Amino acid sequence: MKIKRALLSVSDKTGIIELAKFLNENGVEIISTGGTMKAIKDAGIPVTYVSDVTGFPEIMDGRVKTLNPKIHGAILAVRSNPEHVKAMEEHNIKPIDLVVVNLYPFKETISKPNVTEEEAIENIDIGGPAMVRASAKNFKDVVIVTYPSRYEGLMKMLKETGDVDAHTRKELAMEAFTHTHEYDGMISAYLKETL
């Protein structure tokens, strides 16, 4: 199986335990953050806390946790580029092959009656879109999954071939950029409405 290391960090936890269980059973190391890590751990599935990878704690009420070269270098490194591989070796960065991320529930938050601007702003995801975009940019080396509806197909493909084909990788990258585009559009519209 080409997928050896995965980062799972989701607001919508639909199907994430089944996916984590499948990945673990197939020898994939799982890295995770906060609530996702707790859910995986509580299900008895081995998981590595992102802070143990970065060597840096989550800070500023969780605003800063995955914005780190040990995460972004692991996602953005082009595996066929000797300079990238050398940089990973020099800085002790292990590649991440699969990223499963969906974003803070901004739409749901601003739909609540009497939501404050502070609540809305705290539900603007920063690290999530950065990981989604980095993974989608490097789709030839990293599989990015942003929708739980994709988990079943992903597991089926990994079980059958041990990898994700080039067409599906590109399609998932397109979905990822659509996801961040729509997300930013909602935030922009909210800020415009509240001017």
Side-chain angles (χ1 to χ4, degrees), residues 1-11 13 15-17 19-37 39-41 45-58 62 64-103 125-148 150-151 154-155 157-158 161-166 168-177 179-180:
M1 180 180 277
K2 192 180 178 193
I3 308 290
K4 294 188 175 86
R5 201 160 178 245
L7 193 153
L8 278 50
S9 181
V10 293
S11 288
K13 301 203 176 19
I16 200 68
I17 299 305
L19 179 60
K21 186 173 187 284
F22 170 86
L23 293 172
N24 178 60
E25 286 170 356
N26 286 278
V28 178
E29 178 192 351
I30 300 169
I31 304 162
S32 194
T33 58
T36 308
M37 186 198 72
I40 294 168
K41 201 173 195 172
I45 301 161
V47 59
T48 302
Y49 186 35
V50 75
S51 291
D52 293 333
V53 174
T54 64
F56 206 86
E58 286 190 24
V64 180
K65 49 187 172 245
T66 58
L67 298 167
N68 185 286
K70 295 267 183 166
I71 299 300
H72 285 276
I75 293 170
L76 283 164
V78 175
R79 313 305 198 259
S80 60
N81 181 325
E83 290 298 316
H84 288 205
V85 173
K86 186 179 173 208
M88 280 198 294
E89 287 167 2
E90 282 175 5
H91 299 285
N92 195 25
I93 296 171
K94 281 175 61 183
I96 294 171
D97 311 304
L98 168 67
V99 174
V100 180
V101 171
N102 55 59
L103 309 176
D125 201 328
I126 301 301
M131 288 189 292
V132 168
R133 289 173 53 81
S135 305
K137 175 177 178 165
N138 202 22
F139 68 87
K140 289 181 180 174
D141 288 319
V142 181
V143 177
I144 174 64
V145 180
T146 50
Y147 297 106
R150 282 292 199 163
Y151 299 170
L154 172 71
M155 290 186 284
M157 196 175 287
L158 291 176
T161 66
D163 201 357
V164 176
D165 65 76
T168 304
R169 284 171 175 264
K170 195 172 193 176
E171 187 177 48
L172 289 166
M174 180 273 300
E175 282 181 13
F177 280 118
H179 188 49
T180 57

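Model, not experiment: these values are computed from the prediction.
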TODO: Determine which pairs satisfy side chain to side chain donor-acceptor pair (under 3.5 Å) with at least one residue from residues 70-82, sequence neighbours left out, and list them in order.
DONE: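 Residue pairs passing side chain to side chain donor-acceptor pair (under 3.5 Å), neighbours aside: Arg79-Asp97, Asn81-His84.
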Give, for atom [atom1] of [X] and atom [atom2] of [Y], the distance between the pair rounded to the nearest 0.5 Å.
X: Arg169; Y: Met157; atom1: CZ; atom2: CE; result: 10.0 Å
X: His179; Y: Leu103; atom1: NE2; atom2: CG; result: 3.5 Å
X: Ile75; Y: Asn138; atom1: CD1; atom2: CG; result: 9.0 Å
X: Ile17; Y: Tyr151; atom1: CD1; atom2: OH; result: 10.5 Å
X: Ile31; Y: Leu8; atom1: CD1; atom2: CG; result: 9.5 Å
X: Lys41; Y: Ile30; atom1: NZ; atom2: CD1; result: 13.0 Å

Please find the pair of heavy atoms, one from [X] and one from [Y], that lie closest to each other, and give the distance.
X: Gly34; Y: Glu58; value: N-OE2, 3.4 Å
X: Thr33; Y: Ser9; value: OG1-OG, 2.7 Å
X: Pro69; Y: Ile93; value: O-CD1, 3.7 Å

- [ ] Identify, with sequence neighbours excluded, every residue that meets side-chain contact (heavy atoms from CB on, under 4.5 Å) alongside Lys13.
- [x]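 Val10, Ile16, Thr36, Ala39.
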- [ ] In sequence, state the C-alpha distance, the side-chain angles, and the governing distance for Leu172 and Phe139, and then conclude on side chain to side chain contact (heavy atoms under 4.5 Å, CB included).
- [x] CA-CA 8 Å; Leu172 289 166; Phe139 68 87; over 6 Å; no
Any non-hydrogen side-chain atom of [X] less than 4.5 Å from a side-chain atom of [Y]?
X: Arg150; Y: Glu171; value: yes
X: Leu98; Y: Val100; value: yes
X: Val132; Y: Ile144; value: yes
X: Leu158; Y: Asn26; value: no

TODO: Would you confirm whether Arg5, through its side chain, and Glu29, through its main-chain N or O, come within 3.5 Å as a donor-acceptor pair?
DONE: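 Not a single qualifying donor-acceptor pair exists.
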Open item on the list: Between Ser51 and Phe56 (side chain of the first, backbone of the second, donor and acceptor by atom type, cut-off under 3.5 Å), is there such a pair?
Closed with: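 Flag set: sc Ser51 to bb Phe56 pair under 3.5 Å.
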Task: Pairwise salt bridge (charged side-chain N to carboxylate O under 4.0 Å, His left out) hits with a residue in residues 125-142, at least two apart - done: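 Salt bridge (charged side-chain N to carboxylate O under 4.0 Å, His left out) check on residues 125-142 returns no pairs.
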